[in-house]
Engineer: 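Before we start, here is the structure in question, set down as structure tokens.
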2 protein chains.
Amino acid sequence: MAVTDEAITKIKDMILSGELAAGDRLPPEKELSEKLGLSRSSLREAVKALEIIRVLDVRRGDGTYVTSLEPQLLNEAMSFIVDLHQDKSILEIFEVRRILEPAAAGIAAGRIGTEQLAALHATLASVNEETSIEALVEHDLIFHSLITAAADNAYMASVLDALSSSTVRARIWRGLTQEKAVDRTLAEHTAIIEALERGDAELVKALVTVHISGVEHWLRQAL
Amino acid sequence: MAVTDEAITKIKDMILSGELAAGDRLPPEKELSEKLGLSRSSLREAVKALEIIRVLDVRRGDGTYVTSLEPQLLNEAMSFIVDLHQDKSILEIFEVRRILEPAAAGIAAGRIGTEQLAALHATLASVNEETSIEALVEHDLIFHSLITAAADNAYMASVLDALSSSTVRARIWRGLTQEKAVDRTLAEHTAIIEALERGDAELVKALVTVHISGVEHWLRQAL
DNA sequence: CCCCCAATAAACATCCGACCATTAGACTTG
DNA sequence: CAAGTCTAATGGTCGGATGTTTATTGGGGG
């Protein structure tokens, strides 16, 4: 194994063993490179890799720290990868979403609070049939994120958010707007909010399933 | 933004724009560093980061290539992150698994082939109540992976495999063996295989739900 | 003509040392 | 005591030298 990969493993092990905890500061690059027995250049490659997947937080002029390692940090790292997969298997992604998202929404129905419901209303009110595509994508991301967040499971939220990365959503919406399906989507969003307010988990699950399956169906025809 | 991060974004964009396709070879480090306007050292940090998340494949003495970007490559990158989360939110992970894995197994019931069933029998036959913990963990990983793989959805398999990283599984099994629950787990595995053979999707879903919930329940008591 | 092997060149791996840019914290000053 | 300033610590970037691995090429032998 290359020294850089060894360094990555060693740093990871230092975290797993508890030698480094969340929020801890790592020794300076020069010092750590000597401790691990490799050059600063090689160590920096290792640190950069760990920074990309949000394990380390490098602050210039200050130092390098272990991140909180909270599940939501999984998000960006996963999204980065999903972004690159593009159309290749978008239908497979939807199959996972169709399973996970209704379940998450159902859980959310029993846990969602007043503030979160207000936020849902707000994002819905910010768009209509004449809104720009960019704003619609933004609304759609927020809408689904708010619901998955309300399920109060950071892993679930991370996985779902990553699977619906912004670039994927953007492409879909571009197609949907051409099909004049915007009003239908917004109507479905409205229905989902109402069911959430009533706390009707079964109805929420059904509505979300229909909502996602609708897009999925459109995709199958478009491809 | 730092030059290294710019380089990461540029390489990512080259892939998104189609300038670089899966399997393509990147220009040599020296050449690419000049094209992107940064030093070779900094470029190497960017390449290392992309290599860790399985976007690039660096072959010493040969060159650097874009990976196939297949969904299963998501696996290792995600597992690496989940590994670091440890106990922090293991119950949240189980909540996601309890939703996704029965659904995947239910789909697998209709798609699983003879060879895959044989593989399931084989891994089950390789263990008993006196097997070492390491071998039990290995069996457990293979058993669940085979089923999720049979659902024929690479994203689903990647997410599930990542959520049950080997270190997490190892810790759980260590606890389960102390509780003499090994035989029960193996009995449940047997029942799941039989239901899969019959193609009874509903029963498979129920059995997998019970199976995962059982471990989840044990975890709640243990924590 | 084909196969095997050694020589070669290309490419990544690693290291070093220098200098720049930024930040946190100590210090000075009003 | 507060605000601004200075400084040491730390990461960011660079260029080049050298080592290691691999693919390729060309020649020699079968």
Side-chain angles (χ1 to χ4, degrees), chain A residues 1-15 19-69 73 76-77 80, chain B residues 1-15 19-69 73 76-77 80:
Chain A
M1 193 188 296
V3 291
T4 300
D5 296 303
E6 278 179 29
I8 291 174
T9 304
K10 284 178 182 172
I11 294 174
K12 181 182 172 185
D13 288 343
M14 286 166 76
I15 297 174
E19 184 178 344
L20 285 176
D24 280 3
R25 176 178 174 170
L26 274 69
E29 291 183 347
K30 186 175 185 302
E31 191 179 319
L32 185 57
S33 64
E34 288 168 359
K35 178 181 175 186
L36 298 182
L38 74 168
S39 72
R40 191 179 157 222
S41 314
S42 301
L43 173 66
R44 278 185 58 76
E45 290 183 19
V47 170
K48 193 74 201 179
L50 292 173
E51 187 190 7
I52 285 294
I53 59 177
R54 298 291 187 276
V55 169
L56 297 181
D57 177 20
V58 181
R59 303 177 204 161
R60 184 174 182 172
D62 183 0
T64 302
Y65 299 79
V66 179
T67 68
S68 61
L69 294 176
L73 293 176
E76 291 184 62
F80 189 100
Chain B
M1 190 189 295
V3 291
T4 300
D5 296 302
E6 279 179 29
I8 291 174
T9 304
K10 284 178 183 172
I11 295 174
K12 182 182 172 186
D13 287 342
M14 286 168 76
I15 297 174
E19 186 178 342
L20 285 175
D24 279 4
R25 177 177 175 171
L26 273 69
E29 290 181 347
K30 186 173 186 300
E31 192 178 319
L32 184 58
S33 65
E34 288 168 0
K35 178 181 174 184
L36 298 181
L38 75 167
S39 72
R40 196 179 150 231
S41 313
S42 301
L43 173 65
R44 278 185 57 77
E45 291 182 18
V47 170
K48 193 73 200 180
L50 291 173
E51 186 189 8
I52 285 295
I53 59 177
R54 299 291 187 275
V55 170
L56 296 182
D57 176 22
V58 181
R59 303 177 204 161
R60 183 171 181 172
D62 183 0
T64 302
Y65 299 78
V66 179
T67 68
S68 62
L69 294 175
L73 294 176
E76 291 184 60
F80 189 100

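Just so we're clear, the structure is a prediction, and the values are computed from it rather than from any experiment. First the proteins, then the strands, lettered A, B, ... as listed; each starts at 1.
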Engineer: Write out a two-atom table: protein N or O, nucleotide N or O from nucleotides 18-21 of chain C, distance below 3.5 Å.
Structural biologist:
| from | atom 1 | to | atom 2 | distance (Å) |
| --- | --- | --- | --- | --- |
| C:dA18 | N6 | A:Arg40 | NH1 | 3.4 |
| C:dA21 | O4' | A:Arg60 | NH2 | 2.6 |

Engineer: If the condition is salt bridge (Lys or Arg N to Asp or Glu O under 4.0 Å), which residues does A:Glu6 pass it with, not counting sequence neighbours?
Structural biologist: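 Testing A:Glu6 for salt bridge (Lys or Arg N to Asp or Glu O under 4.0 Å), a comparison that skips the adjacent residues, returns none.
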Engineer: On the side chain of A:Ser41, is there an atom forming a donor-acceptor pair with the base of C:dC16 - under 3.5 Å, no angle test?
Structural biologist: yes
Engineer: Answer yes or no: is there a side-chain heavy-atom contact under 4.5 Å between A:Ile53 and B:Ile53?
Structural biologist: yes
Engineer: For the pair made of CD1 in A:Ile8 and P in C:dT14, what is the distance, rounded to whole Å?
Structural biologist: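 The distance from CD1 of A:Ile8 to P of C:dT14 comes to 11 Å, rounded to the nearest Å.
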Engineer: To the nearest angstrom, how far is A:Leu56 atom CG from D:dT10 atom P?
Structural biologist: 16 Å
Engineer: Once you round it to whole Å, what is the distance between C1' of D:dC14 and CZ of B:Arg44?
Structural biologist: 15 Å
Engineer: How many Å lie between CG on A:Asp57 and P on D:dG12, as a whole number?
Structural biologist: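 Taking CG of A:Asp57 and P of D:dG12, I get 10 Å after rounding.
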Engineer: Among the nucleotides C:dT14, D:dC14, D:dT10, which one has an atom lying closest to any side-chain atom of B:Ser42?
Structural biologist: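 Minimum distance to the B:Ser42 side chain belongs to D:dC14.
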Engineer: Closest to the A:Leu38 side chain: D:dT22, C:dC12, C:dC15?
Structural biologist: C:dC15
Engineer: Among residues at least two apart in sequence or on other chains, which ones pass salt bridge (Lys or Arg N to Asp or Glu O under 4.0 Å) with A:Asp5?
Structural biologist: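 B:Lys48.
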Engineer: Round to the nearest Å and state the distance from B:Glu29 atom CD to D:dT21 atom P.
Structural biologist: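 After rounding, the reported distance stands at 16 Å.
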Engineer: Kindly point out which of C:dT23, C:dC12, D:dC14 is positioned nearest to the side chain of A:Asp62?
Structural biologist: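 Closest nucleotide to the A:Asp62 side chain: C:dT23.
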Engineer: How many whole angstroms separate atom CD of A:Glu45 from atom P of C:dC12?
Structural biologist: 12 Å
Engineer: In whole angstrom, give the distance that lies between atom CZ of B:Arg59 and atom C1' of D:dT24.
Structural biologist: 16 Å
Engineer: With B:Ser41, which residues qualify under side-chain contact (heavy atoms from CB on, under 4.5 Å), at least two apart?
Structural biologist: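 Per chain and number, B:Ser41 pairs via side-chain contact (heavy atoms from CB on, under 4.5 Å) with B:Ser39.
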Engineer: Please report, to 0.1 Å, the donor-acceptor pairs under 3.5 Å made by any side chain of residues 31-38 of chain B, with sequence neighbours excluded.
Structural biologist:
| from | atom 1 | to | atom 2 | distance (Å) |
| --- | --- | --- | --- | --- |
| B:Ser33 | OG | B:Glu29 | O | 3.1 |
| B:Ser33 | OG | B:Lys30 | O | 2.6 |
| B:Glu34 | OE2 | B:Lys30 | NZ | 3.0 |
| B:Lys35 | NZ | B:Glu19 | OE2 | 3.2 |

Engineer: Ignoring backbone atoms, test whether B:Thr64 places a side-chain nitrogen or oxygen under 4.0 Å from the OP1 or OP2 oxygen of C:dC12.
Structural biologist: yes
Engineer: Give a yes or no on whether the backbone of B:Val58 and the side-chain of B:Arg60 come within a donor-acceptor separation of less than 3.5 Å.
Structural biologist: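 It does not hold such a pair.
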Engineer: Map B:Arg25 and A:Gly37 onto DNA chain C by nearest heavy atom, then report which one ends up closer to the 5' terminus.
Structural biologist: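 The answer here is B:Arg25.
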Engineer: Applying side-chain contact (heavy atoms from CB on, under 4.5 Å), can you list everything that pairs with B:Arg59, at least two apart in sequence or on another chain?
Structural biologist: B:Asp57, B:Asp62, B:Tyr65
Engineer: In whole angstrom, give the distance that lies between atom CG of A:Leu43 and atom P of D:dG11.
Structural biologist: 9 Å
